[in-house]
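These notes concern the structure reproduced below.
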Protein chains: 2
Amino acid sequence: MTVADVAKAAQVSKAQAARALGNYGAVSDDVRERVLAAAEALSYRPNELARSMNTGKSHTIGVVVGDIENPHFGLATRGITDAAKKAGYNVILVNTDEDRAAEVEAVRILLDKRVDGLIVAPASSVDTAHLQQVHQSGRPLVFIDRTGGDLDVETLAVDMAKISLEATQHLLEAGHRRIAFISTLRTDAPYKPGMTLDSSQIEDRLEGMQRAFLAAGLPFPEDLVRLNAGDAESIRSITRDVLRGPERATAVVASDGLIALSVVEAIQELGLSIPGDVSFLMYDDFPWTRLTTPPLTVIAQPVYNMGVAAAKALIRQMEGLPPAAPAQFTATLVRRGSVGPCPDLQEPVAAGRTVAAP
Amino acid sequence: MTVADVAKAAQVSKAQAARALGNYGAVSDDVRERVLAAAEALSYRPNELARSMNTGKSHTIGVVVGDIENPHFGLATRGITDAAKKAGYNVILVNTDEDRAAEVEAVRILLDKRVDGLIVAPASSVDTAHLQQVHQSGRPLVFIDRTGGDLDVETLAVDMAKISLEATQHLLEAGHRRIAFISTLRTDAPYKPGMTLDSSQIEDRLEGMQRAFLAAGLPFPEDLVRLNAGDAESIRSITRDVLRGPERATAVVASDGLIALSVVEAIQELGLSIPGDVSFLMYDDFPWTRLTTPPLTVIAQPVYNMGVAAAKALIRQMEGLPPAAPAQFTATLVRRGSVGPCPDLQEPVAAGRTVAAP
DNA sequence: TTGAAAGCGCTAACAC
DNA sequence: GTGTTAGCGCTTTCAA
């Protein structure tokens, strides 16, 4: 069933039928009615592909994220699709597993498919040649969650350095000095302060932590920054590691909800209690964090709203409108029960006392 | 940059250039080389839209789910996209909010966009005219999670009646007789046994429960089947309701992870302990269910694998291959700590005793 | 192996 | 208002 068929049935020219069907140009009521009736009778449906070919607009946006399995992206995606749908756009979703090569390919394919614009959570803030290409291809691009290095692209993200500073201060005030930070971010070398990281987000968080220590006149425990936390087992082993020995961490910050699960499990397995022996803090406020005992202290990010804003910003660009005032999203520290005062770490000595007591 | 440009640069006909670029037909090595070199130099990229118009294949599949925000669908979607990508397909994702009208529209749009096939988690197993249309449009269709009434469509789902029977028996063996079942499923009237429900999945679960009670020679507490649990507040109010009075439930089954959160919160707010005062069981084994105190007894479903299988099945159909042996997915009851023996509900009497004691 | 020409289903100029 | 004629960028006859 094509416009030609409908036109024939309605006894009008192809052009008139197309105009009535596509709702453009000038069509008399009489013709419109006949065409629509014919279309209905033939159960005609437009071929959006053909339509896109002519107009150059596919009414589709590409979304490239690291991992939809992560509820963080699940929520953001929900925000994006909701806003997109409302504006008449569909979403092609691609998962990159935080792999740069996969991201490069994803962008290429989406561009080939002629999406009208792209929303990307860049796997790397350093290696952004492929994203520059998008920009050059003339199609709008928006970043979500993390920046893309020095690319001049509208970015919807929270001020990570700020909230990280705030969270670290909270821990410092509770007396913690040995604070561990665990993230899946892949790096070639172990962490050194000032080193360039692939993720602007993690970089900002670490910067916030450092600033907090600096402001307090305390040394930043860089040995407790643990990146490359890959699968669940490696996260647990890292957790065990930072919680071992006399110089052990007394507080652990988990970089996202997925890591948090393994970290908390490892803490429980070690027989340590939260927050008695270890304080715990994580990024993202998922509903389940209220159900644990104790409920977890978290950094809440307006993820859904960021998704909505990203889609809206992209659509504005696609429609050639001037960019709206850049929305600034703020994360908030939700103090629940998993951060407590720093425990006394002189237990080995205490143990000696016990022996001496009798 | 079009094939015409490349052809000109390579000094061959448009047809030959297209053949070299598209990797079909007969092309001499010499021509191929020149064309590819020219394409590279001009940084030519094919227009997949135009390609699709001719071939009739868009290499895109449509996925229609109720709510990606729900990690259940997040995981399934991940499985689908992983398998799709491996086979060279992209995914357009549409969220329906479990709304039938939205689903009808989603299917229509995806069909208009010429997706090669559809994976749907039908919002209703009853009202399936729009899905029948898909079938008639000649494009392959696969269901995930729930069946579509009597439509003859390949469906990837677990045997819900079976696992529900098993889970209910587990509760019955622990002495529970008053078992509540809470679901967001929308219905027009309150639940009556045997009534037609929109969701095959919920219907099967309730059937499993009934069979378990029947087999045990016990009356099925149909008054504790609570559907239409919409937002968080309504779920809590329902929970409070079923846990009130002398005839209160002693065990609660939550239909999914999202509901579970509110149910557990409500239980905690009531000051009741799990499993001392109330036993609790939920569908879907999310990682966080191991972190609560006590860890939750759950029904685990191989969601990711179902997603992978759905994509594979769809792709087989799209490529005209005979359907593989229908994969049967089985859910498993993971017994953790949230189901305990049925508490003694005669406390008012016990209280009387206390008074009499002195 | 190559090229010319016809078409996929639609929109967009251009006349009338 | 309406119809005719070109395309969009590619694939696919069909001859050569």
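In what follows, every chain begins at residue 1, and chains take the letters A, B, ... in the order their sequences are listed. The analysis underlying the following values was restricted to heavy atoms, covering all of them including side chains, and did not include hydrogens, waters or symmetry mates. Bear in mind the structure is a predicted one, so any value in this text is a computation, not a measurement.
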Could you tabulate the donor-acceptor pairs under 3.5 Å formed by side-chain atoms of residues 36-48 of chain B, not counting sequence neighbours?
unit_1  : atom_1 : unit_2   : atom_2 : d
B:Arg45 : NH1    : A:Asp112 : OD1    : 3.2
B:Arg45 : NH1    : A:Asp112 : OD2    : 2.5
B:Asn47 : OD1    : B:Leu49  : N      : 2.8
B:Asn47 : OD1    : B:Ala50  : N      : 3.2
B:Glu48 : OE2    : B:Arg51  : NH1    : 3.3

(message) With the threshold set at under 4.0 Å for non-hydrogen atoms, list the residues of residues 23-47 of chain B touching DNA chain C in residue-number order.
(response) B:Ala26, B:Val27, B:Ser28, B:Val31
(message) Can you list, in residue-number order, the parts of residues 7-18 of chain B that come under 4.0 Å of DNA chain D, counting heavy atoms only?
(response) B:Lys14, B:Ala15, B:Ala18
(request) State, to 0.1 Å, how close B:Val115 and B:Arg139 come at their nearest heavy-atom pair, and which atoms those are. (result) O-CD, 2.9 Å
(message) Reading DNA chain D in the 5' to 3' direction, which nucleotide is the first one with an atom under 4.0 Å from a heavy atom of chain B, and which is the last?
(response) D:dG9 to D:dT13
(request) Identify the residue among B:Asp67, B:Thr77, B:Asp145 that makes a side chain to side chain donor-acceptor pair (under 3.5 Å) with B:His72. (result) B:Asp145
(message) Looking at every non-hydrogen atom in both residues, tell me the closest pair between A:Gly66 and A:Thr96 and how far apart they are.
(response) CA-OG1, 3.5 Å
(request) Flag the pair B:Val158 / B:Met306 as yes when at least one side-chain heavy-atom distance between them is below 4.5 Å, and no otherwise. (result) yes
(request) Identify the 5'-most and 3'-most nucleotides of DNA chain C with at least one atom closer than 4.0 Å to a non-hydrogen atom of chain A. (result) C:dG9 to C:dA13
(message) Just to verify, what does B:Glu105 make a salt bridge (charged side-chain N to carboxylate O under 4.0 Å, His left out) with, not counting sequence neighbours?
(response) B:Arg108
(request) Decide yes or no for B:Ile61 and B:Met318: does some side-chain heavy atom of the first lie under 4.5 Å from some side-chain heavy atom of the second? (result) yes
Only pairs under 3.5 Å count here: list side-chain donor-acceptor contacts from residues 128-135 of chain A, not counting sequence neighbours, and write none if there are none.
unit_1   : atom_1 : unit_2   : atom_2 : d
A:His130 : ND1    : A:Arg100 : NH1    : 3.4
A:His130 : NE2    : A:Glu103 : OE2    : 2.7

(request) Only counting residues at least two apart or in another chain, list the ones meeting salt bridge (charged side-chain N to carboxylate O under 4.0 Å, His left out) with B:Asp116. (result) B:Lys57
(request) Using the test side-chain hydrogen bond (donor to acceptor under 3.5 Å, both in side chains), find all partners of A:Gln317 that sit at least two apart in sequence or belong to another chain. (result) A:Glu154
(message) For residues 320-329 of chain A, which residue pairs pass the salt bridge (Lys or Arg N to Asp or Glu O under 4.0 Å) check, not counting sequence neighbours?
(response) none
(message) If you define the side chain from C-beta out and look only at heavy atoms, does anything of B:Ile92 sit under 4.5 Å from A:Val91?
(response) no
(request) State plainly whether the residues B:Lys86 and B:Asp82 are in salt-bridge range, i.e. N to O under 4.0 Å. (result) no
(request) Would you indicate whether the side-chain heavy atoms of A:Gln16 and A:Val35 approach each other to under 4.5 Å? (result) no
(request) To the nearest 10°, let me know how far the axis at one end of the helix from C:dT1-D:dA16 to C:dC16-D:dG1 is tilted from the axis at the other, five pairs an end. (result) 40°
(message) Going by the rule ring pair (Phe, Tyr, Trp, His ring centres under 6.0 Å), which residues pair with A:Tyr89 if we only count those two or more places apart in sequence or in a different chain?
(response) A:His59
(request) Would you mind telling me which residue lines up with the more 5' stretch of DNA chain D, B:Met53 or B:Arg19, judged by nearest nucleotide? (result) B:Met53
